[in-house]
Amino acid sequence: METEDKTLIMRILSGETEEFRHLMRRHGGSLLAFIEGVVGNHEEAEDVVQETFVIAYRSLHQYDDGKASFATWLHRIAY
């Protein structure tokens, strides 16, 4: 999975921004479950997930796969 994430991230950063939707599909469910456990409310969790993906998209150039997997990085943003 990490190899696929890395490939998608490289494509997104090289201008294929529409590929970000694949990262959202891959990680959206687990991120929603995580956030719902933190906030205890499904609707609020959905809002946080959306905000998290916006922040991740804007900050994708700062992601360092040598420090954490994309999923871990995403969960840190959400938290």
Side-chain angles (χ1 to χ4, degrees):
M1 180 182 287
E2 286 184 39
T3 302
E4 291 177 45
D5 287 347
K6 289 178 189 179
T7 301
L8 285 170
I9 291 166
M10 288 184 346
R11 291 174 69 182
I12 294 162
L13 292 175
S14 69
E16 296 179 50
T17 56
E18 70 281 355
E19 294 296 319
F20 192 75
R21 65 185 155 81
H22 294 297
L23 287 175
M24 292 175 66
R25 283 190 197 131
R26 291 168 60 87
H27 298 283
S30 64
L31 187 61
L32 179 61
F34 169 71
I35 294 302
E36 199 166 342
V38 173
V39 299
N41 178 291
H42 183 76
E43 290 77 24
E44 286 183 37
E46 286 180 332
D47 289 343
V48 172
V49 168
Q50 184 176 358
E51 291 174 28
T52 299
F53 278 122
V54 169
I55 293 168
Y57 179 79
R58 290 179 180 162
S59 305
L60 195 58
H61 65 282
Q62 297 175 352
Y63 169 67
D64 180 353
D65 64 348
K67 292 184 179 178
S69 69
F70 181 74
T72 299
W73 184 73
L74 196 59
H75 281 71
R76 285 183 191 160
I77 292 171
Y79 190 74

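What's counted below: heavy atoms across the whole structure, side chains too, no hydrogens, waters or symmetry copies. The residues of the chain are indexed from 1 along the displayed sequence.
Contact annotation: the side chain of Leu8 approaches that of Arg26 to within less than 4.5 Å [non-hydrogen atoms, C-beta and beyond]. Within the 4.5 Å cutoff, no side-chain heavy atoms of Asp47 are placed close to those of Glu43. Residues Glu18 and Ile12 are not in side-chain contact: their nearest non-hydrogen atoms beyond the backbone lie 4.5 Å or more apart. Side-chain contact check for Ile35 versus Glu44: every heavy-atom pair is 4.5 Å or farther apart. The closest side-chain heavy-atom distance from His75 to Leu31 is below 4.5 Å. Within the 4.5 Å cutoff, the side chain of Ile77 has no heavy atoms near those of the Phe53 side chain.
Residue-environment remark: CD (Gln50) stays at or below the threshold of 12 foreign heavy atoms within 6.0 Å.
In this structure, Leu74 CG and Ser30 OG are separated by 7.5 Å, a value rounded to the nearest 0.5 Å. Of the inter-residue distances, the one linking Asp65 atom CG with Lys6 atom NZ reads 4.5 Å to the nearest 0.5 angstrom. Between atom CD of residue Glu46 and atom CD of residue Glu51 there is a gap of 12.5 Å, rounded to the nearest 0.5 Å. Here the CD1 atom belonging to Ile9 is positioned 11.5 Å from the CD atom belonging to Glu4, to the nearest 0.5 angstrom. In this structure, CD in Glu19 is found 12.0 Å from CG in Leu13, a value given to the nearest 0.5 Å.
Relative orientation of the Tyr63 and Phe70 rings is perpendicular, given thresholds of 30° and 60° on the angle between their planes.
Both Tyr57 and Val49 belong to a single network of hydrophobic side chains, linked directly or stepwise wherever heavy atoms of I, L, V, M, F, W or Y lie under 4.5 Å apart. Note on Met24 and Met10: separate hydrophobic clusters, where clusters join Ile, Leu, Val, Met, Phe, Trp and Tyr whose side-chain heavy atoms are under 4.5 Å apart, directly or indirectly. Linking Ile, Leu, Val, Met, Phe, Trp and Tyr whenever their side-chain heavy atoms come within less than 4.5 Å puts Leu23 and Ile55 in one cluster.
For Ser59 (side chain) and Gln62 (main-chain N/O), no donor-acceptor pair under 3.5 Å exists by modelled atom type.
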Stepwise side-chain contact (heavy atoms from CB on, under 4.5 Å) check, Glu36 with Val48:
CA-CA 9 Å; Glu36 199 166 342; Val48 172; over 6 Å; no
Candidate pair Leu60 and Trp73, rule side-chain contact (heavy atoms from CB on, under 4.5 Å), full reasoning
CA-CA 10 Å; Leu60 195 58; Trp73 184 73; 4.2 Å; yes
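Between Asp64 and Gly66, the closest heavy-atom pair is OD1-N, 2.8 Å.
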